[in-house]
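Letters A, B, ... are given to chains in the order of the sequence lines, protein chains preceding strands, and every chain is numbered from 1. Keep in mind that this is a model prediction, so the values were computed, not measured.
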Amino acid sequence: MAQKPGIPKGTRDFSPAEVAKRNYIISVIRKHFELFGFQPIETPSFENSSTLMGKYGDEGDRLIFKILNSGDFLRKVDDALYTSKDSTRLTGKISEKALRYDLTVPFARYVVQHQNEIDLPFKRYQIQPVWRADRPQKGRFREFYQCDADVVGSQSLWQEVEFVQLYDTVFSALGLKGVTIKINNRKVLSGIAEVIGEKDKLIDFTVALDKLDKIGEEGVKKEMLEKGISEAAIEKVQPLFRFTGTAVEKLDRLSELLGSSEEGTKGVEELRFICNTIEATGLEAATLDLDVTLARGLNYYTGAIFEVAASGVAMGSIGGGGRYDDLTGIFGLKGISGVGISFGLDRIYLVLEELGLFPETVTSSSRALFINFGEAEALYSIKAIQSLRRSGIKVELYPDNAKMKKQMQYADKRSIPFTILVGEDEMNKGHYTLKNMQTGEQKAVSLKELTEVLAV
RNA sequence: GUGGUUGUAGCUCAGCUGGUUAGAGCGCUGGAUUGUGGUUCCAGAGGUCGCCGGUUCGAACCCGGUCUUCCACCCCA
């Protein structure tokens with residue numbers, strides 16, 4: 001019995017039209033990555049588990065797709081472990097490889113492994129799929145593409161400035177207006193935790209603060225209390241709940257609040273440099289928004305934190321990034337600072353689709369279809385087709401001598417703009433009947449004229 | 001991982017507290033029209049009602065499980 005076909009949850013097939021649109025986005029991103037001096041690398045779709053495990057927190061470990069060992073792997077597991085039903089420990093024994101969870105950790109591995117071949121600062125970009133064993137949701141898949149640009153080996157804040165401009169340029173090129181690039185700094189968050197006397201609860205504190213726009217002031221306070229953050233501390237962060245104004249105003253107030261924290265003050269100065277510089281250079285399509293509640297993806301960030309949100313659509317962040325001072329340290333190479341950003345291809349696709357921002361021209365169908373009237377006519381046609389293709393014009397011959405109605409319908413449904421009819425009459429006269437499928441008008445033309453009309 | 005939701009023709013969906021042979025629109029195939037697509041008309045094909053089990057004289061409908069969809073939480077692009 002034939003089995004019912006299907007694909008795993010959270011994965012998708014892409015039709016020709018969808019691939020064309022995805023390629024359009026990728027080409028825009030790639031073009032600008034290169035324009036900013038980044039070079040492409042690629043890494044394997046799966047890594048050794050040890051490379052990935054423990055890099056994304058417990059939650060991350062749970063979401064990593066593990067690959068079962070080959071062979072009779074259970075034979076190597078001792079009975080005690082097997083009967084203990086300890087999945088976590090057993091996994092370590094029967095799975096030694098795992099699918100890539102993001103592009104940053106494999107990049108860190110790459111840098112360390114190839115440290116003698118690369119020149120610092122090293123600017124690389126990477127456009128590849130990643131996998132997460134997450135439960136699917138709107139804009140959330142188990143297989144999706146990330147488009148990352150990172151630079152390692154430079155602590156300069158000019159990198160942060162350039163990344164803001166890179167975001168702006170790409171979204172501008174995609175016609176996506178009203179994008180908000182939210183920026184924050186891990187040192188500022190750390191400083192806040194310090195001055196309110198909750199330095200050891202930094203993660204709990206920032207995770208709760210990050211939810212402000214989602215669960216509101218009361219919700220955040222409630223969560224902080226639940227995590228054991230004192231009333232007095234919450235009282236001190238009160239100003240952050242209504243933190244409005246221009247970047248300069250916010251920075252001045254932050255500067256005041258964090259005066260006693262050396263780290264916090266440093267963070268404010270970093271933000272001030274980035275905001276002032278962007279203020280001076282200006283942005284095209286995006287707005288830079290200093291958001292002290294931004295804290296996501298905190299795990300390895302040490303300086304700037306970025307997150308990008310599109311306006312007018314209910315969609316999670318379409319990009320994110322930040323600075324990590326010692327990412328390669330875990331692989332044995334200390335003191336290399338990195339900073340980078342990521343574009344979420346699949347979410348950008350959904351946003352462009354929802355806002356109707358894909359250009360008409362992205363789908364790449366043939367310019368013309370030659371109607372097949374039989375052997376001799378097809379041979380005559382294929383010669384013209386060879387010539388047209390040499391001129392870079394996408395044309396094709398209907399493969400069978402089917403009824404004209406069927407051939408016309410085929411061209412119509414595939415939105416091929418022209419059909420070319422070559423029958424006995426045309427062959428004798430040495431010309432071609434070119435039909436415009438939109439207007440319905442048709443005329444006899446020479447091969448030269450055909451080439452001119454179809455070339456665009 | 002937690003809670004909810006969805007699944008009926010290729011697609012979008014009807015289908016009455018459980019009652020003959022499960023319907024519509026669009027699409028598809030053929031014809032009206034043997035060198036002309038889109039419009040119109042005619043005819044036709046196409047469904048293990050997600051899957052497995054249970055209750056019942058009888059299940060698309062009720063119950064359990066499972067898979068899938070979408071949504072919220074967690075977390076994140």
Practice task
With sequence neighbours excluded, tell me which residues meet salt bridge (charged side-chain N to carboxylate O under 4.0 Å, His left out) with A/R367.
Solution key: none

Exercise for the section: Would you please name every residue forming a side-chain hydrogen bond (donor to acceptor under 3.5 Å, both in side chains) with A/T451, sequence neighbours left out? Expected result: none

Exercise for the section: May I ask you to say what A/E426 touches in the nucleic acid, namely base, sugar-phosphate or nothing, with a heavy-atom cut-off under 4.0 Å? Expected result: base

Practice task
Could I get the full list of side-chain hydrogen bond (donor to acceptor under 3.5 Å, both in side chains) partners for A/E160, not counting sequence neighbours?
Solution key: A/R323

Handout entry: C1' spacing across the pair B/rG25 / B/rC61, given as an integer number of angstrom
Key = 24 Å

Practice task
Mind checking ring pair (Phe, Tyr, Trp, His ring centres under 6.0 Å) for A/Y398 and listing every partner two or more places apart, or none if nothing turns up?
Solution key: A/Y410

Fill in the blank from the handout: The correct list of stems in which RNA chain B takes part (3 or more consecutive Watson-Crick or G-U pairs, distances under 3.5 Å) is B:1-4 with B:70-73, B:10-13 with B:23-26, B:28-32 with B:40-44, B:50-54 with B:62-66

Completion exercise
Residues passing the side-chain hydrogen bond (donor to acceptor under 3.5 Å, both in side chains) test with A/S230, sequence neighbours excluded, are A/E198

Problem - Residue list, ring pair (Phe, Tyr, Trp, His ring centres under 6.0 Å) with A/Y380, at least two apart or on another chain - result: A/Y432

Exercise for the section: Decide, applying a 5.5 Å centre-distance limit and a 30° plane-angle limit (both strict), whether A/F144 stacks on B/rA77. Expected result: yes

Exercise for the section: Could you identify which residues of residues 375-384 of chain A place a heavy atom less than 4.0 Å from some atom of RNA chain B, listed by residue number, or say none? Expected result: none

Handout entry: Of residues 7-44 of chain A, the positions that come close to RNA chain B - non-hydrogen atoms, cut-off under 4.0 Å
Key = A/K9, A/G10

Handout entry: Pairs meeting criterion salt bridge (charged side-chain N to carboxylate O under 4.0 Å, His left out) with involvement of residues 435-445 of chain A, two or more places apart
Key = none

Handout entry: B/rG37 phosphate, OP1 or OP2, under 4.0 Å from A/Q407 side-chain N/O
Key = no

Please tabulate the protein-to-nucleotide N/O contacts below 3.5 Å involving nucleotides 38-42 of chain B, giving atom names and distances.
{"from": "B/rG38", "atom 1": "O4'", "to": "A/D412", "atom 2": "OD2", "distance (Å)": "3.4"}
{"from": "B/rG38", "atom 1": "N2", "to": "A/Q438", "atom 2": "O", "distance (Å)": "3.1"}

Quick one: which protein N/O atoms are closer than 3.5 Å to N/O atoms of nucleotides 4-6 of chain B? Pair and distance per line, please.
none

Handout entry: Side-chain (A/D168) to main-chain (A/A286) donor-acceptor, under 3.5 angstrom
Key = yes

